[in-house]
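As structure tokens, the structure follows; a few thoughts come after it.
All values below come from the heavy atoms of this structure, side chains included, with hydrogens, waters and symmetry mates left out. All chains are named by letter (A, B, ...) in the order of the sequence lines, taking the proteins before the strands, and each is independently numbered beginning at 1.
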Amino acid sequence: MYALVDCNNFYASCERVFNPALNGKPVVVLSNNDGCVIARSQEAKDIGIAMGVPAYQVEPLIKTHNVAVFSSNYQLYGNMSERVHATLAEFAPELEIYSIDEVFIRLSGMENFDLKQFGTKVVRTTTKNTGIPVSMGIAPTKTLAKLANRFAKKNKGYKGVCLIDTDEKRIKALQLTEVADIWGIGRQTAKKLAKVGVKTAFEFTQLPRAWVRKNMTVVGEKTWCELHGEPCIELETVPPDKQQICTSRSFGKMVEDLPTLTEAVSTYASICARKLRNQKSCAATLMVFIHTNNFREDLPQYFKNSIVHLPVATSSSLEISQYAIRELERIYLPNYLYKKAGVIILEIVPETSVQGNLFDTVDRDKHKRLMKAVDQLSDRFGKDKMKLASQGNGQKWKLRQEKLSPCYSTKISDIITVKL
DNA sequence: TCTGGGGTCCTAGGACCC
DNA sequence: TCTGGGGTCCTAGGACCC
């Protein structure tokens, strides 16, 4: 059996842990640049604030209902996420950290346990230890565990735990669920299924397997099998190394000049390089892209990217940033208002198997030592304390984060500020 | 005024090989 | 009249997830 533990309204719950005055009140968290609503407390959902809407469109609702609004604070959420994992790890040895707010657990060797009781204990302990309310779905496959989790959340009577352990419960759950709400069935597939008269998850499972294979590829076929109770999607206890790494942001204000864009691109390149070093890899290809604001139909538009293959794979911020800036200079055109830029690194290989180059002139050992020192300093004093000169100070392009909460759990300076 | 960011997997089709 | 067969690799694009 598998369990899926999912934190309820995760980002909104994180904000509440350190600010209990918000309990019982509507809370929303916004995406980067304070753009869209990406998390809502139950109260915020109840007054009709939809997921993903631009914040300015729900401004009247926010005012009328006195909704607490926060910029996203990933340092806080990441740390709270780690606390949830730590508690769960005490209950089970095999965890898959599926996302910042979801964990799959393999429940092996528990045949003689009362799983419902076990689940209730996990849910209660996690909430008690971290302050974050969680729900748990338990079933024979990951897809069914996801489904069970939906019921655990939606239905108060379950008290946060839903167990699908018989065929009867499985079929009942499938009948009560729209196929579009199944994990792995997206909008396009749901549309296709509607055309052949399939609305519920149960109806989907009644389609012939061959039809599913033909029309929905092996991916759909796996979902079909999992809904029948046959596990096809393995637990991934060790996260695989990333095959591509991307850092991109929209700017707080539109940017026109090359020097400012250069600061941003250099910063994104450095962040990519750090992510690369964290997984002990190097990359041999790099792409830079810039584009204007495509919501502004009244302005001239320009979307462009540029790819470069490096002579030797690297994870040095200096090198990656240099190449990124060079590509930016190739694609930059004046007289456009840019809204977003990004750096993507590809062709990622383990740092232990980098292919050398006879004509290499870079002192790679030196770079490595330097990066190690920089990373240690960043970990100790904050990631923005030491950077390349080309990154500038970020004043002209940084994110808009007008409603940022303090990093209660990670930064001492913030805690002191709060107390004052 | 204002509209997020970061990933993975699969398939089809073209280029190329012997 | 007639023009093989069997592969691999790469890329772009679509679909999905949080």
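Looking at heavy-atom distances under 4.0 Å, A/Asn294 makes no contact with the nucleic acid at all. When heavy atoms are screened at a 4.0 angstrom cut-off, A/Asn33 is found touching no nucleic acid atom at all. Among the protein residues, A/Ile100 comes within range of no part of the nucleic acid, since none of its heavy atoms lies under 4.0 Å from any strand.
Residue A/Arg296 has no polar side-chain atom (N or O) positioned under 4.0 Å from OP1 or OP2 of B/dT3. The shortest distance between the side-chain N/O atoms of A/Thr189 and the OP1/OP2 oxygens of C/dC16 is below 4.0 Å. Using a 4.0 Å cut-off, some side-chain N or O of A/Ser250 falls inside it from OP1 or OP2 of B/dG5. An OP1 or OP2 oxygen of C/dG14 is reached within less than 4.0 angstrom by no side-chain nitrogen or oxygen of A/Arg187.
Rounded to whole Å, atom P of B/dC2 lies 15 Å from atom NZ of A/Lys403. The separation between A/Ile185 atom CD1 and B/dC9 atom C1' is 15 Å, rounded to whole Å.
Residues A/Tyr77 and A/Tyr11 place their aromatic rings such that the two centres sit under 6.0 Å apart.
Considering only side-chain atoms of A/Asn32, the nucleotide from B/dT11, B/dG7, B/dG4 that sits closest is B/dG4. Considering only the side chain of A/Gln243, B/dC9 comes nearest among B/dC10, B/dC9, B/dG5.
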